[in-house]
A.B. asks: 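Supplied in structure tokens, the structure appears directly below.
Ligands are counted one by one from 1 in listed order, and the atoms in each one are counted from 1 as well.
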Amino acid sequence: MSDKPRTFPLTLDSLAGKPSRQGAAPAKAWVATPQTATQNAAQSAARNLRAPYGAAPVAAPQRQNPLVSDAVRRAMVARVAKQGVRDQVVLDALQAVPRHLFMDEALASQAYIDASLPIGHQQTISQPYIVGRMIEVMRNGGSLNKVLEIGTGCGYQARVLSLVAKEVYSIERIKPLHELAKSNLRALRVSNLRLQYGDGMLGLPQAAPFDGIILAAAGLEVPQALLDQLTIGGRLVAPVGATLQRLQLITRVGKMEWTSETLEDCHFVPLRPGVI
Ligand code: SAH
């Protein structure tokens, strides 16, 4: 891998580095949120990521925080594997991403327990098991070219996805969370990930079709727009339901034909229309 992989026309850096051109508020405007520590941590982020896609070589860690030790994360990944995630590519990606850097410092000590945790705005960072499980189901042992995530949140799953797919797009409807994800991911210089502020229920027609789509929020049904943006053979994984939610796998098998499989119970924040 070269020093500056340029496999993707619009890099995160190009999006995140020029807030004024995009009309976004300068970073300071939202620094006074519970995510301040996450941003600070992200800025001093230093890690040894080695991955097939999108990982620019970065400097070695400057501080030996036990939380960043491989061993802590390895234990988390071992638990995820024990719960049934078998795909080694997915497990390696979970091992490579420092989850604590996507969270508020006050919660960082819990970053490697298998739980969803608050990221502000009544939203959560997904549980590592479910992140791994959904990606495993979407991947199905094959290679992923273009993937779409609905619900960027703090950007954790998007980063994991960027290690298993060639190109990743992720949409978030809450502006401060979109900005938080940009900040969290900026230091990682992920060249194959594009973050989009918008309503993910509409998908991203300009980048479609996708051979994988993951929803990180639960709707009562999967929006047809997303089904239409799958390649034939493409797989969409989504939590579906209100209080009782089930993980669903939908595969596009023809131009106007999809099959659906119900997998397991799950619990996600709700999928909502529009942007805020
Ligand atoms: N992927 C995140 C999980 C974030 S929680 C992780 O890595 O942990 C789910 C996110 O979905 C929330 O941030 C919520 O705001 C977002 N969301 C809900 N409905 C949405 C929609 N229609 N479009 C885009 N994002 C949506």
A.B. asks: Check ligand 1 against Val269 and write out every atom of the ligand that is under 4.0 Å from a heavy-atom position of the residue.
C.D. replies: 5 (S), 9 (C)
A.B. asks: With a 4.0 Å cut-off on heavy atoms, does His121 reach ligand 1?
C.D. replies: no
A.B. asks: I'd like to know if the side chain of Ser170 pairs up with that of Thr152 as donor and acceptor (distance under 3.5 Å, no hydrogens or angles considered).
C.D. replies: yes
A.B. asks: For a side-chain contact (heavy atoms from CB on, under 4.5 Å) check, start with the C-alpha distance between Phe102 and Arg159, then their side-chain angles and the critical distance, and finish with the verdict.
C.D. replies: CA-CA 10 Å; Phe102 290 82; Arg159 175 52 177 152; 3.9 Å; yes
A.B. asks: Say whether Ser170 and ligand 1 are in contact under the criterion: heavy-atom distance to a ligand atom below 4.0 Å.
C.D. replies: no
A.B. asks: Mark up the atoms of ligand 1 that fall under 4.0 Å of a heavy atom belonging to Arg272, in ascending order.
C.D. replies: 18 (C), 19 (N), 20 (C), 21 (C), 22 (N)
A.B. asks: Looking at side-chain heavy atoms only, is the closest gap between Val275 and Lys175 below 4.5 Å?
C.D. replies: no
A.B. asks: Do Asn192 and Glu167 have side-chain N/O donor and acceptor atoms under 3.5 Å apart?
C.D. replies: no
A.B. asks: Short list, please: which atoms of ligand 1 are under 4.0 Å from a heavy atom of Leu177?
C.D. replies: 13 (O)
A.B. asks: Check Leu271 against ligand 1 and report side chain, backbone, both or neither, counting heavy atoms closer than 4.0 Å.
C.D. replies: both
A.B. asks: For ligand 1, note which part of Pro270 has a heavy atom under 4.0 Å away: side chain, backbone, both or neither.
C.D. replies: backbone
A.B. asks: May I ask you to establish whether Arg194 and Tyr169 are in a cation-pi arrangement, using a distance under 6.0 Å from NZ or CZ to the six-membered ring centre and at most 45° from the ring axis?
C.D. replies: no
A.B. asks: I need the atoms of ligand 1 closer than 4.0 Å to a non-hydrogen atom of Gly198, numbered in the order shown.
C.D. replies: 23 (N), 24 (C)
A.B. asks: Which option wins on minimum heavy-atom distance to atom 6 (C) of ligand 1: Gly153, Ser126, Pro273, Pro128?
C.D. replies: Ser126
A.B. asks: Go through ligand 1 atom by atom and flag the ones less than 4.0 Å from a non-hydrogen atom of Tyr156.
C.D. replies: 7 (O)
A.B. asks: So if I count the atoms of ligand 1 from 1 in the order they appear, which ones are less than 4.0 Å from some heavy atom of Ala217?
C.D. replies: 11 (O), 18 (C)
A.B. asks: Using only heavy-atom distances, determine whether the side chains of Tyr112 and Arg73 contain a donor-acceptor pair under 3.5 Å.
C.D. replies: yes
A.B. asks: What are the atoms of ligand 1, with element, lying closer than 4.0 Å to any heavy atom of Ile174?
C.D. replies: 15 (O)
A.B. asks: Within the 4.0 Å heavy-atom shell around Thr152, which atoms of ligand 1 are there?
C.D. replies: 1 (N), 2 (C)
